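Below, read A as the first sequence line, B as the second, and so on, with proteins coming before strands; counting in each chain starts at 1. The structure presented is a predicted model; accordingly, all values stated were derived computationally and were not measured.
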Protein chains: 2
Amino acid sequence: MTRSTNTQFAVAVHVLTYLAGIDDGRPASSDELSKSTNVNPVHIRRVMGPLRDAGLVRSRPGVHGGWELALTPSRVSLDQVWLLLQGTDPVLGLHDPDPVCATGRSVQKSLIALDQKVAGAIAASLQQVTVQHLLAEVHSDDGADLRARRKGSP
Amino acid sequence: MTRSTNTQFAVAVHVLTYLAGIDDGRPASSDELSKSTNVNPVHIRRVMGPLRDAGLVRSRPGVHGGWELALTPSRVSLDQVWLLLQGTDPVLGLHDPDPVCATGRSVQKSLIALDQKVAGAIAASLQQVTVQHLLAEVHSDDGADLRARRKGSP
DNA sequence: TTGAACTGTAGCCACAGTGATTACGGAATG
DNA sequence: CATTCCGTAATCACTGTGGCTACAGTTCAA
């Protein structure tokens with residue numbers, strides 16, 4: 001029943017926000033990122049590859065290498081990330097009806113059109129959110145944590 | 001990379017349209033439906049179960065049993081189907097970040113909120129389409145086929 | 001009343017997508 | 001150089017999905 005066991009989008013968003021939250025210009029290694037996201041460093045590199053190719057982040061090998069944002073956080077909206085990782089794959093699952101059946105062919109066509117419509121709706125939702133927004137929420141949460149701690153809450 | 005190998009929504013939409021397209025009140029058996037959708041009859045029954053429980057379709061065992069619509073096609077919108085099969089499962093994949101990391105916790109929260117927003121956008125898209133619409137497209141396609149055939153096109 | 005035609009489920013199997021892990025080559029730094 | 005990184009391939013385990021078989025229960029017709 002459960003759909004989307006694919007967590008690459010979530011991981012990518014996490015990494016981008018993490019990178020945006022680093023105060024000095026220091027890059028973060030895949031290993032450091034893997035700690036925070038709780039996924040394998042190799043997987044981090046695999047997921048971030050397309051984002052690097054698209055120019056959202058940079059990566060450098062070597063002693064003080066690692067990952068860093070290539071754009072201002074406010075210029076990275078989540079629909080870019082979605083598109084890079086999801087591509088144009090169907091969002092709704094499509095089956096493979098009997099090609100002889102007219103109903104099957106027609107429904108297939110309708111579902112494909114519908115899928116594109118839904119994909120557009122998703123992109124529109126994600127376009128409104130940038131890494132900058134997420135970073136602001138992190139800071140706001142930090143503040144809440146501090147305030148709560150000051151009051152003695154758990 | 002490819003998401004949603006789950007084709008239950010597509011199968012359900014197909015079946016509903018098929019049922020709506022049956023002229024006389026005759027019910028269709030899982031076997032007949034499995035031919036058109038090209039999936040196993042047992043799977044048909046599994047997928048349609050929630051739709052039956054929700055009152056969208058009826059099923060009857062026995063000699064002239066099978067499946068039939070319980071509602072007028074125009075009253076069945078696709079977001080109902082989506083909700084019944086998808087439930088409230090996350091549309092975006094969610095990972096499981098290190099609970100100690102503040103960025104992880106915050107991004108997690110943001111992603112959950114975002115997921116609900118996206119789910120709403122999907123539902124809104126699907127709500128605009130009913131089985132009636134799909135059936136009309138089937139008929140329209142039929143007409144196109146006939147016209148094309150009359151002109152000698154393949 | 002018997003048998004045929006259905007649904008409802010449970011159980012098992014195969015396939016595919018996802019991600020962990022290991023391994024190794026190459027580049028940058030000191 | 002030796003170390004620290006990335007890039008990538010190869011392999012493995014886990015899980016979701018759906019095919020398939022089997023069987024119990026229900027309906028209807030002869």
Side-chain angles (χ1 to χ4, degrees), chain A residues 1-12 14-15 19 25-35 37-53 56-68 70 85-87 89-98, chain B residues 1-12 14-15 19 25-35 37-53 56-68 70 85-87 89-98:
Chain A
M1 224 77 81
T2 303
R3 198 171 300 237
S4 83
T5 58
N6 184 330
T7 63
Q8 296 185 19
F9 175 74
V11 169
H14 185 139
V15 167
L19 293 178
R26 172 179 68 87
S29 71
S30 302
D31 217 63
E32 177 180 353
L33 294 168
S34 84
K35 297 288 198 310
T37 53
N38 202 23
V39 302
N40 197 280
V42 176
H43 191 224
I44 293 279
R45 292 197 281 265
R46 271 200 289 247
V47 169
M48 297 304 289
L51 307 199
R52 178 192 53 229
D53 297 344
L56 300 189
V57 294
R58 276 187 297 265
S59 67
R60 268 202 340 267
V63 172
H64 288 118
W67 299 85
E68 54 190 358
L85 294 177
Q86 171 74 7
D89 290 341
V91 183
L92 279 36
L94 294 179
H95 69 317
D96 187 28
D98 177 12
Chain B
M1 223 79 79
T2 303
R3 198 170 300 232
S4 81
T5 59
N6 184 329
T7 63
Q8 296 185 19
F9 174 75
V11 169
H14 185 139
V15 167
L19 293 179
R26 170 180 69 87
S29 71
S30 304
D31 217 63
E32 177 179 353
L33 295 169
S34 84
K35 298 286 199 309
T37 52
N38 202 25
V39 301
N40 196 278
V42 175
H43 192 225
I44 293 279
R45 292 196 282 265
R46 272 200 288 244
V47 169
M48 297 304 289
L51 306 198
R52 178 193 53 230
D53 297 342
L56 299 188
V57 295
R58 275 188 297 266
S59 68
R60 265 201 343 265
V63 171
H64 289 119
W67 299 84
E68 54 190 359
L85 294 178
Q86 172 74 5
D89 290 342
V91 183
L92 278 37
L94 294 179
H95 69 318
D96 187 27
D98 177 11

With respect to the phosphate group of C:dG17, does any side-chain polar atom (N or O) of A:N6 fall under 4.0 Å of OP1 or OP2? no
Spacing between A:E32 atom CD and D:dC6 atom P, to the nearest angstrom: 10 Å
Looking at A:N40, does any N or O in its side chain come under 4.0 Å of the phosphate oxygens OP1/OP2 on C:dG19? no
Between side-chain atoms of residues 25-35 of chain B and protein atoms elsewhere (two or more places apart, or another chain), which donor-acceptor pairs fall under 3.5 Å?
from  : atom 1 : to    : atom 2 : distance (Å)
B:R26 : NH1    : B:E32 : OE1    : 3.0
B:R26 : NH1    : B:E32 : OE2    : 3.3
B:S29 : OG     : B:D31 : N      : 3.4
B:S29 : OG     : B:E32 : N      : 3.1
B:S30 : OG     : B:W67 : NE1    : 3.0
B:D31 : OD2    : B:K35 : NZ     : 3.1
B:E32 : OE2    : B:Y18 : OH     : 2.7
B:S34 : OG     : B:D31 : O      : 2.8

B:H95 NE2 to D:dT15 P, in whole Å, measures 19 Å
Say whether, by atom type as modelled, one donor and one acceptor occur between the side chain of A:Q86 and the main chain of A:D89 under 3.5 angstrom. yes
B/S/- along nucleotides 2-12 of chain C (protein heavy atoms under 4.0 Å) is --BBBBBBBB-
What is the distance from atom CG of B:D98 to atom OG1 of A:T37, rounded to the nearest 0.5 Å? 9.0 Å
Treating A:N38 as the side-chain partner and B:D96 as the backbone partner, does any N or O pair qualify as donor plus acceptor under 3.5 Å? yes
With sequence neighbours excluded, what pairs up with A:R52 under the salt bridge (charged side-chain N to carboxylate O under 4.0 Å, His left out) test? none
Distance in angstrom units between B:E68 CD and D:dT27 C1', rounded: 14 Å
Ignoring hydrogens and angles, tell me if any N or O in the side chain of A:R45 forms a donor-acceptor pair with the backbone of A:G49 under 3.5 Å. no
Phosphate oxygens OP1/OP2 of D:dT17: is one of them under 4.0 Å from a side-chain N or O of B:Q8? no
